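A short worksheet on the structure shown next.
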Protein chains: 2
Amino acid sequence: MRELCLPVGLDAAALKEVDRLVTDRRRLDKGAAVYRAGDPFSALYAIRLGSCKTAVLAEDGREQVAGYHMIGDIIGLDGIATERHACQAIVLEDTEVCVIPFTQLEGLARRFPSLQHNLHQFLSREIGRDQSMMLLLGNMRADERLAAFLLSLSDRYRQHGYSATEFVLRMTREEIGSYLGLKLETVSRLLSRFQSKGLLKVRGRELKLLDMPALKQLAGRGS
Amino acid sequence: MRELCLPVGLDAAALKEVDRLVTDRRRLDKGAAVYRAGDPFSALYAIRLGSCKTAVLAEDGREQVAGYHMIGDIIGLDGIATERHACQAIVLEDTEVCVIPFTQLEGLARRFPSLQHNLHQFLSREIGRDQSMMLLLGNMRADERLAAFLLSLSDRYRQHGYSATEFVLRMTREEIGSYLGLKLETVSRLLSRFQSKGLLKVRGRELKLLDMPALKQLAGRGS
DNA sequence: CGCGCCGTTGATATTATTCAAGACCAGTGG
DNA sequence: CCACTGGTCTTGAATAATATCAACGGCGCG
């Protein structure tokens, strides 16, 4: 757990307590749900192994992927407000999570200021991420969105010690499209176009980023 | 402050302490900033009077309105993660906010579990709101977005004891468009179309919702 | 009164979606 | 081993949705 859960700046005592708190683990087969919309909220979940998507559902069944999460990420933060999960978390491959009972975590947070602040930062970071996503969905064109998405994946793989330029997508074109507010055909076309422009090489879900500066410029950063 | 800031379920002792903490107030003229992107984070702000928008900025200057906030709302939550505000908050009319020093609030939260939980719910609620917004921006058509926006305004006015069907918009068409991922002309056209369909009556920024069920149907169910 | 923003509306252009057909690929059972 | 199947992915052509460009009207304010 140590590094996974609440990585930064925790004193040893707090860490020990968190370790003691987090005893329960859960293995999930590909496609299974960590939690579903409407489930009672009782815990946060830290991904120990594998990856998942979180998605909000419209009344008519339309699904919006709200985020992709990988090893070390903590999910379920949206459930605190109403005591029920507002979205569902579906694992994209066989995955293991550890369960962090929230009421007890709050108890620890009252005893350890560093843990408390860490928790607040986690919540706040999620807000920041969501707002960047709103910017992406509200203001960017399809190719800019896809470039930004690929770069964010790249960045996270790099942070976890994997290659930043060569990785395997864990999700379908349709799921990428749902995340980016695009249809699966649009995603497919864009990947082909990026490839023909020499920005990347794509073969199914295997991806190799060839021209990061160009991608960054597209995404709105590098320019 | 009592009701404004952290309304639900606070015991008297916690409330008294919060009152003591929140002494500083600030008056802002229309168009002024409560905080700007990049400002050091030190406090949350509760709107006592007036209203404001929060907006994230892209590198190229494009602006995405992330939320509209009115009396009783608390803003600035995005700054906790990085110790700097990630977005800017601009007041839409002459507005008064009270300043809630965050480090001290964390101190209180350690002493009062009810306050602590309240704070977590606040943060979580913001996450839920942002994710609904992602659903709106990613999956809904222009008319559905506008209907959803008008209904959410209506709801909030109702909650504050104002008319749910008749109110004055505090923002320009362009700002509405920025929030909804649309251009100002599209917003204008849609308002005209809604009017011609008898859904509402619009004159400048004065708005009267005439057919709430129809608006709800537009906002809720897809095409 | 006149100037600057704000808002409306029309014509046209662009972007992304929809519909449709077929290719690919892994797993399954004959 | 091979054909079959279901899900995924690619690509094209037609279509729909929204943006862009442009002109003008109106309102508020100095």
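These figures come from a predicted structure and were not determined experimentally. Heavy atoms only: backbone and side chains are in, while hydrogens, waters and symmetry mates are out. Letters go in sequence order (proteins before strands), and every chain restarts at 1.
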Check your understanding: Who pairs with B:His85 by ring-ring contact (aromatic ring centres under 6.0 Å, His included), at least two apart in sequence or on another chain?
Key -> B:Tyr35, B:Phe41
Check your understanding: Roughly how bent is the helix from C:dC1-D:dG30 to C:dG30-D:dC1 end to end, in steps of 10 degrees, with each end axis from five pairs?
Key -> 30°
Review point. How long is the line joining CZ of B:Arg193 and C1' of D:dT18, in whole Å?
Key: 11 Å
Check your understanding: Taking only residues two or more places apart in sequence or in another chain, which ones pass salt bridge (Lys or Arg N to Asp or Glu O under 4.0 Å) with B:Lys53?
Key -> B:Glu63, B:Glu175
Study note, to complete from the structure: From CG of A:Leu169 across to P of D:dT8 the rounded distance in Å is 14 Å
Practice item. Could you check whether B:Arg145 gets within reach of a base, just the sugar-phosphate, or nothing at all, counting any heavy atom under 4.0 Å? Key: nothing
Practice item. Measure the distance from CG on B:Asn139 to C1' on D:dA17 and round it to the nearest whole Å. Key: 15 Å
Exercise for review: Summarise how protein sits on nucleotides 20-30 of chain D as a single string, 5' to 3': B when a protein heavy atom is under 4.0 Å from the base, S for sugar-phosphate-only contact, - for no contact.
Suggested key: BB---------
Review point. So, is B:Ser192 close to the C:dT9 phosphate, meaning a side-chain N or O under 4.0 Å from OP1 or OP2?
Key: yes
Check your understanding: For B:Leu146 and D:dA17, what is the distance between atoms CG and C1' respectively, to the nearest whole Å?
Key -> 15 Å
Point to revise | Integer-rounded Å distance: C:dT14 P and A:Arg141 CZ | key: 12 Å
Exercise for review: With sequence neighbours excluded, tell me which residues meet salt bridge (Lys or Arg N to Asp or Glu O under 4.0 Å) with A:Glu206.
Suggested key: none
Practice item. Taking only Lys NZ, Arg NE, NH1 and NH2, and the carboxylate oxygens of Asp or Glu, determine whether A:Arg62 and B:Glu144 approach each other closer than 4.0 Å. Key: yes
Point to revise | Close approaches to DNA chain C from residues 170-182 of chain B, in residue order (heavy atom, under 4.0 Å) | key: B:Thr172, B:Arg173
Exercise for review: Round to a whole Å and report the spacing from CD of B:Glu206 to C1' of C:dG7.
Suggested key: 14 Å
Check your understanding: Got a sec, which residues hit salt bridge (Lys or Arg N to Asp or Glu O under 4.0 Å) with A:Arg158, two or more places apart in sequence or on another chain?
Key -> A:Asp155
Exercise for review: Starting from P on D:dA16, measure out to CG on B:Asp143 and report it in whole angstrom.
Suggested key: 15 Å
Practice item. Sorted by first residue and then second, give each salt bridge (charged side-chain N to carboxylate O under 4.0 Å, His left out) pair with at least one member in residues 74-91 of chain A; sequence neighbours left out. Key: none
Exercise for review: Please list, chain by chain and in numerical order, all residues satisfying side-chain contact (heavy atoms from CB on, under 4.5 Å) with B:Ser132, sequence neighbours excluded.
Suggested key: none
Exercise for review: Could you tell me whether a side-chain N or O of B:Asp94 sits under 3.5 Å from a main-chain N or O of B:Asp29, the two making a donor and an acceptor?
Suggested key: no
Review point. With B:Ser124, which residues qualify under side-chain contact (heavy atoms from CB on, under 4.5 Å), at least two apart?
Key: A:Ile80, A:Ala81
Can you give me every donor-acceptor pair (side chain of residues 186-204 of chain B, partner residue at least two apart or in another chain, under 3.5 Å) with its distance?
from, atom 1, to, atom 2, distance (Å)
B:Ser192, OG, B:Ser188, O, 3.1
B:Gln195, OE1, B:Val202, N, 2.9
B:Ser196, OG, B:Arg193, O, 2.9

Exercise for review: Could you tell me the separation between the CG atom of B:Leu190 and the C1' atom of D:dA19, rounded to a whole number of Å?
Suggested key: 13 Å
Exercise for review: Please identify each residue that fulfils ring-ring contact (aromatic ring centres under 6.0 Å, His included) with A:Tyr157, with sequence neighbours left out.
Suggested key: A:Phe167
